[in-house]
2 protein chains.
Amino acid sequence: MRPEPTVRPVPDEIAPRAREIVSAARELLEEEGTEGLSMRRLAERLGIRAPSIYKHLPSKQALEAVLISEGFAEWAELAEQAVRDSDDPLPALGRAYRRFAQSHPHLYRLMTEQALARDMLTPGIEARAARPVIEAAGGDPDLARALWAFAHGMVILELDGRFPDGSDLDRTWRQGAAAFA
Amino acid sequence: MRPEPTVRPVPDEIAPRAREIVSAARELLEEEGTEGLSMRRLAERLGIRAPSIYKHLPSKQALEAVLISEGFAEWAELAEQAVRDSDDPLPALGRAYRRFAQSHPHLYRLMTEQALARDMLTPGIEARAARPVIEAAGGDPDLARALWAFAHGMVILELDGRFPDGSDLDRTWRQGAAAFA
DNA sequence: GTCTATAGTGGGATAGAC
DNA sequence: GTCTATCCCACTATAGAC
C-alpha cells in the first residue's frame, strides 16, 4: 500500500469558494503566464484583497499544485482519447502532446518547468498521465521516458522560440516518431 | 553579408574590469543558480555596491548575454572534440551534451530556459554550437533539431528531478541514440 | 469571508557627488 | 571607479478587527 501523502493542499471535496479561486487562477495563468500569477493579481481579479485568499487556500504552492493536478487530468483525458481513436498510438500521442502544450502553454510550463511537489498533487494523477505513454512504448518505462524527453524537448524549445524561423517542425516531429517506432 | 547586430552588450575587447565582473558572475551563477544571480549579490561578491556594476556593463541582460555566449563557446569546444575523438559521433555528442549540462547545470538553464537575445550574443556563436549536431545528422537541420530536442528533454527533465528514482537513464540515452542512428 | 495594516524580503535601475 | 541615496517595482504571508 502506498502511504497517504503527508501534506494535502486542498480537501478532496474542494470548498465552493476555493473552487472559484482556483478557476480564476487558471484564467489568470492562461492569460498572463506563470510570472503573472501572483496572489495580488489573483485577488484583484476576484475583487478581493490578497490576504483573503489565504482563508481558503493555505499557500501559493498549494494553489499551483491544484492547477498542476488538473492539468495532468486534462492531459490524461486527451491521451487516453488519442489512443482510443487511432490505430497508430505513438504519433497520435505526439500530436496530442503538442496540441495540449500549445493550447495551454503557460499551464504546460507550470506543469513541467520545476520540480514536482508530488506530495501536494491529487494522488495517482502523475501515474495516470504517464500510463498511455508507457503503453505506447510497449510497457518499457525507459523507452517511455525517451519518448517523453523528445516530446518535451520539442514542445518547450518551440514555446521558447529557440528553433530558427524556417524550421519545419512538423517534419521534425515525424522524424522523431519514425525514429522511435 | 549578415548585418551587424544593432545592440551589442559589451565591446569585442572586453575591458579588464568588466572581465572581472563577468568572471564573478559566472562563479555566482554556478554556485547559486539563475535566481541567485542578482546585481546586488554580484556586487557583494566583488566587494562593491550594485550601482557600480552599471559603469562597466549596461544591464543585467547584457551580462547574461556574455555568460550565455561563453557557454556556447565552451559547448562548441566539447562538441568538436567529441566528434574528433570518436568514430561514432552521435552517441559521443549525446554523452558530451549530458556531461556539459551536468557540469554546469545553472549555466545550462541560463542558456536554454528562455528566449535567446540573439542580438546580444557573440556573432556566429549559436551557429558554431549547432554545427557539430547538424553534421552528425548528415546535414539535415530538421533531424538535428530532433536530436537536440531529445537531448535537451533528457537533460532538463533529469535536472528538474522529473524522472522517478529507479529510472535507468543511461539505458534511455542509449535507446534514444539507437533510435536516431 | 473580507478587510486594513504591516512585516519582511527581494529585485533592477538611476542621479549625482566624490 | 566607487559611493550614497533613492525610486519603483514585486512578492508571500500574518495578525487582528469587523
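Quick caveat: nothing in here was measured; it's all calculated off a predicted structure. Proteins get letters first, then strands, A, B, ... in listed order; numbering begins at 1 in each.
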What is the distance, rounded to the nearest whole Å, between atom [atom1] of [X] and atom [atom2] of [N]?
{"X": "B:Q61", "N": "C:dG11", "atom1": "CD", "atom2": "C1'", "value": "16 Å"}
{"X": "B:K60", "N": "C:dA13", "atom1": "NZ", "atom2": "P", "value": "8 Å"}
{"X": "B:K55", "N": "C:dT14", "atom1": "NZ", "atom2": "P", "value": "11 Å"}
{"X": "B:L37", "N": "C:dG10", "atom1": "CG", "atom2": "P", "value": "16 Å"}
{"X": "A:Y54", "N": "C:dT4", "atom1": "OH", "atom2": "C1'", "value": "16 Å"}

Pairs under 3.5 angstrom only: tabulate donor-acceptor contacts from the side chains of residues 29-39 of chain B to other protein residues two or more places apart or in another chain.
residue: B:E30; atom: OE1; partner: B:H104; partner atom: ND1; Å: 3.3
residue: B:E30; atom: OE2; partner: B:R26; partner atom: NE; Å: 2.5
residue: B:E30; atom: OE2; partner: B:R26; partner atom: NH2; Å: 3.0
residue: B:E30; atom: OE2; partner: B:H104; partner atom: ND1; Å: 3.0
residue: B:E31; atom: OE1; partner: B:R45; partner atom: NH2; Å: 2.7
residue: B:E32; atom: OE1; partner: B:R41; partner atom: NE; Å: 3.4
residue: B:E32; atom: OE1; partner: B:R41; partner atom: NH2; Å: 2.3
residue: B:E32; atom: OE2; partner: B:R41; partner atom: NH2; Å: 3.1
residue: B:S38; atom: OG; partner: B:R41; partner atom: N; Å: 3.1

Test: salt bridge (Lys or Arg N to Asp or Glu O under 4.0 Å). Region: residues 166-175 of chain B. Which pairs qualify, not counting sequence neighbours? A:D140-B:R171, A:D142-B:R171, B:R98-B:D170
Atom pair CD1 (A:I53) and CD1 (A:I21), whose distance is rounded to the nearest 0.5 Å: 6.0 Å
Donor-acceptor pair, B:R131 side chain versus B:E126 backbone, under 3.5 Å? no
Can you confirm whether [X] sits close enough to [Y] that some side-chain heavy atom of one is under 4.5 Å from a side-chain heavy atom of the other?
{"X": "A:L93", "Y": "A:P132", "result": "yes"}
{"X": "B:M111", "Y": "B:L107", "result": "yes"}
{"X": "A:P164", "Y": "B:R145", "result": "yes"}

Hey, what bend do you get for the helix from C:dG1-D:dC18 to C:dC18-D:dG1 if you fit axes on five pairs at each end, rounded to 10°?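 Between the first-five-pair axis and the last-five-pair axis there is 0°.
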Using a heavy-atom cut-off of 4.0 Å to chain A, what are the terminal contacting nucleotides of DNA chain D, in 5' to 3' order?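 Going 5' to 3' along DNA chain D, contacts run D:dC11 to D:dG16.
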Please say yes or no: joined through hydrophobic side-chain contacts below 4.5 Å, possibly via intermediate residues, are A:Y108 and A:L116 part of one cluster?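 Yes, A:Y108 and A:L116 fall within the same hydrophobic cluster.
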Below 6.0 angstrom between ring centroids: does that apply to B:W148 and A:F163? yes
Using 30° and 60° as the class boundaries, would you call the ring planes of A:F150 and A:F180 parallel, tilted or perpendicular? tilted
Heavy-atom contacts under 4.0 Å between residues 40-52 of chain B and DNA chain C, which residues? B:R40, B:R41, B:P51
Side-chain donor-acceptor pairs of residues 76-85 of chain B under 3.5 Å, sequence neighbours excluded:
residue: B:E77; atom: OE2; partner: B:R128; partner atom: NH2; Å: 3.1
residue: B:E80; atom: OE1; partner: B:R128; partner atom: NH2; Å: 3.2
residue: B:E80; atom: OE2; partner: B:R128; partner atom: NE; Å: 3.0

